[in-house]
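Just so you know, these numbers use all the heavy atoms, side chains as well, and skip hydrogens, waters and symmetry mates. In each ligand, atom 1 is the first atom listed, and ligand 1 is the first ligand listed.
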Amino acid sequence: MAEPFPLRLQHRVVARREVLRVLREGLELREPSRGGIRVASQLRMATARSDELALLMTLEMGKPLAESEAEIAYGASFLRWYAEEAVRADGRFAMHEAATGRLLTMKQPVGPCVLITPWNFPLAMGTRKIGPAVAAGCTMVVKPAKLTPLSMLMLARILEQAGLPAGVVNVITASSSGSVMEPVIRDPRTRKLSFTGSTEVGRTLIGQSAEQVLNVSMELGGNAPFLVFADADVDRAVEGALVAKMRNIGEACTAANRFYVARPLVSEFADKLAARMGAMKIGPGTQEGVEVGPLIDAEQLAKVGELVDDAVAKGARVLCGGERVDGPGHFYEPTVLTDVPGDARLLREEIFGPVAPIRAFDSEEEAITAANDTEFGLVAYLYTADLERALRVCERIETGMVGLNQGVVSNAGAPFGGVKQSGIGREGGPEGIEEYLETKYVAIAMS
Ligand code: NAP
């Protein structure tokens, strides 16, 4: 495969340029809205086939059917949102300060894009990029993870059937992503790279993008702190913790990775969370009532086990779970650990599994310092009834997003993204389409 692939690829890249040229010349400045209207029709198609898509997603990724359905609704929301936003991707017109001319700015598609997505949300991580990219008038090559290519291929089929012109969204699957994608990223015709995945791979891809000075967006790893202050409503915090921890079997970049709880509440919070997590039904995602599916593969299962064993060896107490489930499949029990020592690996590394490590804190300052003690900065969760404290902590926390008294932040209308080593750029909201637009300024002489 080493030789023929780049040739086919080159052909695709040429085809993408052709589509872009047609869009540019045929639609001129209105091309974003035309792209958006097409996206709207895809939404109807995606919704009509959601049962089929949900089953496929559960079979290839493992999450319970209800979660696959939720992902489809979430994924489709980006298509709808950007279909509507496309018409607002406008420039502006202004007068020169000396009134000797006019200043015109216009928004244009950034150009051919390379979009690389992970396995944990095999559809939504794609539509979060495809929606704004199509709405902006870009063409794209999409590379899904090798563990979950089928959901993306089905989406591509749906988009095609919905009338998206051939060549706008091109899906490449690869068993060797590095060697397949590097020539595409380094190809001078590529203008944009948007990546969702691990920080480690993100760093490599930023390096490859430097050669052509690509416009890059990076949605990378997280290590979300979940802070519960002494004035918080404990039951509400436990509900939020369940979602923030257990959504997607804990395999989410936004998953609460470390729980810091004010000392007077810590036992009550830990016991209540353990009671809820310990009662969750584990099994194949296709089975009725299952809430915890298998982890993605044997490697991930082994990693979760190692992180728990490390914490326990260093003194953490197991309140529930703590073991893999015997039998076939990569199942790990929902696990709550308390008295977790500061040097436990799972406070530093992304767990990506159903494990909640809890530590007590004694002051606001200590909680903020602990929360910020990481190279990641995607999201933080904060539970407090004190408005001033909430604002103070939101301002000081080093993350791109904060869930204030709620355990989910994802929303198509909001800018999703991280700071520090969690990424560059935002997906969702008006900020999300900007990632696929260039601003051109025209200086107009007027006497
Ligand atoms: P990953 O190993 O970094 O892979 C992500 C994607 O990059 C996959 O399609 C993968 O393909 C591809 N890839 C790997 N090496 C590559 C290379 N050298 N060149 C080009 N492409 C390459 O991440 P993952 O394990 O799939 O996903 C989990 C990670 O994603 C976690 O760290 C999580 O936090 C992060 N994530 C972040 C967000 C966010 O919005 N911030 C959202 C979801 C997930 P293969 O599958 O073929 O290796």
Side-chain angles (χ1 to χ4, degrees), residues 9 60-63 71 74-75 78 114-129 141-153 171-187 190 193-209 214 216-224 247-257 295-297 299-300 303-304 348-353 374-380 399-401 408-412 414-428 431-432 435:
L9 178 66
E60 75 169 346
M61 189 275 172
K63 68 179 83 181
E71 179 177 341
Y74 175 55
F78 287 97
V114 173
L115 313 178
I116 302 179
T117 59
W119 52 262
N120 63 341
F121 290 99
L123 183 87
M125 296 302 95
T127 57
R128 211 161 74 169
K129 301 181 190 303
V141 165
V142 187
K143 212 292 289 173
K146 64 172 173 284
L147 293 169
T148 57
L150 301 178
S151 301
M152 182 58 69
L153 287 170
V171 179
I172 293 182
T173 59
S175 50
S176 169
S177 47
S179 58
V180 169
M181 294 313 290
E182 189 169 351
V184 193
I185 293 167
R186 292 189 189 274
D187 190 301
T190 296
L193 170 66
S194 179
F195 171 75
T196 299
S198 61
T199 298
E200 190 188 352
V201 173
R203 270 190 213 106
T204 303
L205 299 186
I206 291 171
Q208 292 175 9
S209 304
L214 289 190
V216 293
S217 302
M218 293 278 145
E219 295 288 347
L220 308 178
N223 180 6
R247 178 169 172 241
N248 223 44
I249 325 162
E251 294 173 317
C253 53
T254 49
N257 209 58
L295 296 177
I296 188 73
D297 59 15
E299 201 183 325
Q300 188 56 28
K303 184 187 165 197
V304 171
R348 309 229 142 257
E349 299 177 31
E350 226 180 352
I351 304 170
F352 248 55
T374 169
E375 70 269 27
F376 297 108
L378 189 61
V379 61
T399 57
M401 302 175 286
V408 184
V409 292
S410 306
N411 184 297
F416 187 107
V419 300
K420 292 159 81 176
Q421 295 189 29
S422 286
I424 304 170
R426 295 293 180 268
E427 291 188 330
E431 292 84 353
E435 305 271 325

Q) Between Thr399 (side chain) and Gly377 (backbone), is there a donor-acceptor pair under 3.5 Å? A) no
Q. Does at least one non-hydrogen atom of Thr204 fall below 4.0 angstrom from an atom of ligand 1?
A. no
Q. Looking only at distance, does Asn120 have an N or O less than 3.5 Å from an N or O of ligand 1?
A. no
Q) Got a second to check how far Glu350's CD is from Asn257's CG, nearest 0.5 Å? A) 6.5 Å
Q. Got a donor-acceptor contact below 3.5 angstrom from the Arg426 side chain to the Gly400 backbone?
A. no
**Q.** Val184 versus Thr190, closest heavy-atom pair with distance
**A.** O-OG1, 2.8 Å
Q: Please state which part of Thr196 comes within less than 4.0 Å of ligand 1, counting heavy atoms only: side chain, backbone, both or neither.
A: both
Q. Ligand 1 versus Met181, non-hydrogen atoms closer than 4.0 Å: side chain, backbone, both, neither?
A. side chain
Q. If we only count N/O pairs under 3.5 Å, is Leu220 in contact with ligand 1?
A. yes
**Q.** Which atom of Asn120 lies closest to which atom of Met125, heavy atoms considered
**A.** OD1-CG, 4.4 Å
Q: Give the residue, atom name and distance (to 0.1 Å) of the protein heavy atom nearest atom 17 (C) of ligand 1.
A: Gly178 CA, 3.7 Å
Q) Hey, does the side chain of Thr199 reach the backbone of Gln421 with a donor-acceptor pair shorter than 3.5 angstrom? A) yes
Q: Give yes if a backbone or side-chain nitrogen or oxygen of Ser175 is under 3.5 Å from a nitrogen or oxygen of ligand 1, and no if not.
A: no
Q: Heavy-atom distances under 4.0 Å are what count here, so tell me which part of Leu205 touches ligand 1: side chain, backbone, both or neither.
A: side chain
Q) Nearest non-hydrogen atom to atom 38 (C) of ligand 1 belongs to which of Cys253, Gly428, Ser422? A) Cys253
**Q.** Side chain, backbone, both or neither: the part of Pro144 lying under 4.0 Å from ligand 1 by heavy atom
**A.** backbone
Q) How close do Pro122 and Met152 get, heavy atom to heavy atom, and via which atoms? A) O-CE, 3.7 Å
Q) In terms of residue, atom name and distance, what is the protein heavy atom nearest to atom 23 (O) of ligand 1? A) Ser198 N, 3.4 Å
Q: Looking only at protein heavy atoms, identify the closest one to atom 12 (C) of ligand 1 and say how far it is in Å.
A: Ile116 CG2, 3.7 Å
Q: Starting from atom 14 (C) of ligand 1, find the nearest protein heavy-atom neighbour and note its residue, name and distance.
A: Ser177 OG, 3.5 Å
Q | Glu299/Lys303 salt bridge by N-O under 4.0 Å criterion | A | no
Q: Measure the shortest side-chain to side-chain distance between Glu60 and Leu147 over non-hydrogen atoms and say whether it is less than 4.5 angstrom.
A: no
Q) Among protein heavy atoms, which lies nearest atom 27 (O) of ligand 1, and at what distance? A) Pro118 CB, 3.4 Å
(Q) Below 4.0 Å from ligand 1: does a non-hydrogen atom of Trp119 turn up there or not? (A) yes
**Q.** Ligand-residue contact atoms, ligand 1 with Met125, heavy atoms, under 4.0 Å
**A.** 42 (C), 43 (C)
Q) Is it true that the NZ or CZ of Arg128 lies under 6.0 Å from the centre of Phe416's six-membered ring and within 45 degrees of the ring axis? A) yes
Q | Ser194 side chain to Lys129 side chain, donor-acceptor N/O pair below 3.5 angstrom | A | yes
Q. Can Gly423 be said to touch ligand 1, with heavy atoms closer than 4.0 Å?
A. no
Q: Could you tell me which non-hydrogen atom of Tyr74 sits nearest to which non-hydrogen atom of Asn411, and how far apart they are?
A: CE1-N, 4.1 Å
Q | Under 3.5 Å side-chain donor-acceptor pair for Glu427 and Ser217 | A | no
**Q.** Lys143 N/O under 3.5 Å from ligand 1 N/O
**A.** yes
(Q) Strictly less than 4.0 Å: does any protein heavy-atom distance to atom 36 (N) of ligand 1 fall in that range? (A) yes
Q. Side chains of Ser151 and Thr148: do they bring a donor and an acceptor to under 3.5 Å?
A. no
Q: Have a look at ligand 1 and work out which part of Phe121, if any, has a heavy atom under 4.0 Å from it: side chain, backbone, both or neither.
A: neither
Q | Rounded distance (nearest 0.5 Å) linking atom CD of Glu219 with atom OG of Ser422 | A | 9.0 Å
Q: Would you mind listing which atoms of ligand 1 come within a distance below 4.0 Å of any non-hydrogen atom of Ala145?
A: 8 (C), 9 (O), 46 (O)
Q | Nearest-contact summary for atom 8 (C) of ligand 1 - protein heavy atom, Å | A | Thr117 O, 3.3 Å
Q.
Among all the protein's non-hydrogen atoms, which is closest to atom 40 (O) of ligand 1, and how far away is it?
A. Arg128 NH2, 2.7 Å
Q. Got a donor-acceptor contact below 3.5 angstrom from the Glu71 side chain to the Ala124 backbone?
A. yes
(Q) Show the atoms of ligand 1 that are less than 4.0 angstrom away from any heavy atom in Val201. (A) 3 (O), 13 (N), 14 (C), 15 (N), 16 (C), 22 (C)
Q | ligand 1-proximal atoms of Glu200, by part, heavy-atom distance under 4.0 Å | A | neither
Q.
Tell me the protein heavy atom at minimum distance from atom 7 (O) of ligand 1, and give that distance in Å.
A. Phe195 CE1, 3.2 Å
Q. What part of Glu350, side chain, backbone, both or neither, has a heavy atom within less than 4.0 angstrom of ligand 1?
A. side chain
